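From a predicted model like this one, the values you see are computed outputs, not experimental measurements.
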Amino acid sequence: MQAEQGYTLFELMAVAGARELKDGEVVGVGIGLPVVASFLAKRTHAPKLTILFELGVVDPEPIHTGVGLADPRVWYRAKIMSSFVDILGTVLHRGVVDVGFLGGLEVDMYGNLNTTLLGDPNGAFRHFVGSGGANDIASSAKRTIIIIRHEARKLKQAVSFITSPGYIQGAGSREAAGLAGGPSRVITDKAIFDFEPESKRMRLLSIHLGTTLEEVLAEMSFEPIVPDRVPFTEPPTPEQVRLIREEIDPEGIYSGR
Amino acid sequence: MSSKLATLAEAVASIPDGAHVALSGFAITRCNMAFARELIRQGKRDLTVSQCVGAMDADLLAGAGVISRIIYGGGSLDRFGRLNCVNRGIEEGTLVAEEYSSLSVAFRYLAGALGIPFIPIRSLRGSDILERLRKTAPGDIAFVDDPFSGEKWLVLKPLHPDVAVVQVQVADEEGNAWIFGPRWDNEEQVRASTRTIVITERLVSTEMIRRNPEWTRIPGFRVFHVVHLPFSAHPTSVYQAYDYDADCIKEYAQMTQTREGVQAYLDKYVYGVKDHWEYLERVGGLERLSKLTADPVLGY
């Protein structure tokens, strides 16, 4: 896909994720695209980034790609190996995590994420992975970045189950639940969104080169706020693409090359 | 009791039906697999298991009908797939799931370990996890006012498992154990539990433990049984000891997609072998296991 542009949509999304991370920040990541985004940021503009895995791993430098957080390949050369209470407790719950990456089965217009089940929670449903540390990150990180495929069945008017709260019912409801922070970006394979500060509704921020506004909206089950002028997402540089392909994900496991 | 050293069969036999067992696995690493297989062979019933992240040990026990309740924070087999047996049990209503987040379960163990009556947490607010817990575990969650600030806080009840079972790399016969790599919830599990069973890859002298006491993560004086059993986490990994067995986990993920497949898996790898040693032969013996042995620099 997009071979003529010299990068894949996965690489574009990873670069967009990396761009959200500032030098010196503390970031909680899961496996997959967030790992690529974080390692890319750390090798480029954010060398002082601190990368956390919930089970107790800090700043690893893997040389092989892993199948998940439980794979010792992604713990390689870590500076610290500790525990949930250390990472999710004394770092995240204490309020020290700047950014958390989250993914999911479904997200709604307020950034509420579902990773638990599809169907009717009180009737027939199919159960999936659940929270892991996702709810903890959604509750205690200063901001979160949501990565999700751009499909109408994933960008929903209402999710089947709120595993990780975003802005819940919109304006004021996150605060009412006793939560600060909240999602700052939604990165899909067609576009990037933020949240309108008053209503907390998802708002289109940029569209990826090669797609159109009509395509973006056609594959959503709700209407985001669409400003008069929507720019194209800044594409990856050749150097960013090279780093991903040759150093960060040489086996193409995360990107599925 | 002169020695805590026990066979796997003896350690498993000490667990009564209906007990709450905290398991040390995380997805596909340091799972209590040999222990789970022996629980199944001994026909244990109605166990509750808990762990911060649901893992292959709990899933196998769910598939075999050994557990009736799981207290966990969600889980998977990483890229190998879902926890098919746990998920099917939840979907069909045969397994009671008290589903939290990772930190919620870790805090419940921590409160149990500290002997405090409850623990406040910021997680779960505004989520359907909390709404569901109001039905599945109404006695384990509450709201209190912070006596200092007046702020309203969700509080969780401590967990006090009857037994913690922990898969470790190195232990002595008192149960002083070194865990290498990240330890997720294991240290709090042990300290929250009434008693602990340590299952170790290597058994060393207490003199060896005394040379690096700062590595001791599990205090021997809290341990009841020590089981020395190499490759007892297979097919999951043990950091610095051996890698996960990808082919075996793929086979498990494939076979557990149906109830019939689960039965075939159990017949082949649990009921079809008399003990752990025969299991290791069934999966390929020393030739196979040598290939999984960890590189000391990489740890996998």
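Heavy-atom pairs under 4.5 Å with chain B peak, among A/P121, A/P165, A/G132, at A/G132. Interface summary for chain A: among B/I121, B/V53, B/L154, B/L130, the most heavy-atom pairs under 4.5 angstrom belong to B/I121. When each of A/T163, A/I168, A/I80 is checked for heavy-atom pairs under 4.5 Å with chain B, A/T163 comes out on top. Contact tally against chain B (heavy-atom pairs below 4.5 Å) for A/E54, A/R77, A/R126, A/H64: the top residue is A/R126. Of all the listed residues (B/A246, B/S237, B/A97, B/G181), the one sharing the greatest number of non-hydrogen pairs under 4.5 Å with chain A is B/G181. Between chain A and the residues B/A55, B/P182, B/S76, the most heavy-atom pairs under 4.5 angstrom are made by B/P182. Counting heavy-atom pairs under 4.5 Å between each of B/A27, B/G75, B/A106, B/G299 and chain A puts B/G75 at the top.
One N or O on the side chain of A/D136 and one on the backbone of B/L103 form a donor-acceptor pair closer than 3.5 Å. Side-chain atoms of B/D185 never come within 3.5 Å of backbone atoms of A/F84 as a donor-acceptor pair (strictly under, hydrogens ignored).
With a 4.5 Å cut-off on non-hydrogen atoms, B/L110 touches chain A through its side chain but not through its backbone. Of the two parts of B/F107, only the side chain, counted from C-beta on, holds a non-hydrogen atom closer than 4.5 Å to a non-hydrogen atom of chain A. Using a 4.5 Å cut-off between heavy atoms, B/F26 touches chain A through backbone and side chain atoms alike. With a threshold of 4.5 angstrom between heavy atoms, A/I63 approaches chain B through side-chain atoms but not through N, CA, C or O. If you measure heavy-atom distances from A/D86 to chain B, you find no contacts under 4.5 Å at all. Using a 4.5 Å cut-off between heavy atoms, A/F161 touches chain B through backbone and side chain atoms alike. For B/T236, no part lies near chain A; criterion is any non-hydrogen pair under 4.5 Å.
Counting only heavy atoms from C-beta outward, the side chains of A/N122 and B/K135 approach each other to under 4.5 Å. Counting only heavy atoms from C-beta outward, the side chains of A/W75 and B/T29 approach each other to under 4.5 Å.
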Verdict with reasoning, B/R122 to A/S140, per side chain to side chain donor-acceptor pair (under 3.5 Å): CA-CA 7 Å; B/R122 191 180 302 107; A/S140 290; 2.8 Å; yes
task: Please assess B/E99 against A/T116 for the test side chain to side chain contact (heavy atoms under 4.5 Å, CB included), listing each intermediate value before the final yes or no.
output: CA-CA 10 Å; B/E99 192 169 341; A/T116 301; 3.7 Å; yes
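The distance from the CG atom of A/N135 to the CD1 atom of B/I129 is 4.0 Å, given to the nearest 0.5 Å. The CZ atom of B/F180 lies 11.5 Å from the CE atom of A/M81; values are rounded to the nearest 0.5 Å. Note that CG of A/L55 is 10.5 Å distant from SG of B/C52, once rounded to the nearest 0.5 Å. One distance of note links OH of B/Y239 with CG of A/D71; it measures 11.5 Å at 0.5 Å rounding. We find the CG-CG distance between A/N114 and B/D128 to be 8.5 Å, quoted to the nearest 0.5 Å. Note that the OG atom of A/S131 and the CG atom of B/L124 stand 7.5 Å from one another [nearest 0.5 Å].
Partner of A/S139 under the side-chain contact (heavy atoms from CB on, under 4.5 Å) criterion, chosen from B/S127, B/S123, B/S101: B/S123.
In this structure, B/D78 and A/V67 approach most closely via the heavy-atom pair CB-O, 3.3 Å.
Along residues 85-96 of chain B, the residues that come nearer than 4.5 angstrom to chain A, judged on non-hydrogen atoms, are B/N87, B/I90, B/E91 in order of number. Contacts with chain B (heavy atom to heavy atom, under 4.5 Å) involve these residues of residues 169-186 of chain A, listed by number: A/A177, A/G178, A/L179.
Ring pair A/Y76/B/Y300 is perpendicular by interplanar angle, where above 60° counts as perpendicular and below 30° as parallel.
For NZ of A/K154, the number of neighbouring non-hydrogen atoms (other residues, nucleotides, ligands) closer than 6.0 Å is greater than 12. In A/E198, the CD atom is not crowded: 12 or fewer heavy atoms of neighbouring residues, nucleotides or ligands sit closer than 6.0 Å. Atom CZ of B/R134 has more than 12 neighbouring heavy atoms from other residues, nucleotides or ligands inside a 6.0 Å radius.
Taking a cutoff of 4.0 Å between a charged side-chain nitrogen and a carboxylate oxygen, A/R73 and B/D243 qualify as a salt bridge.
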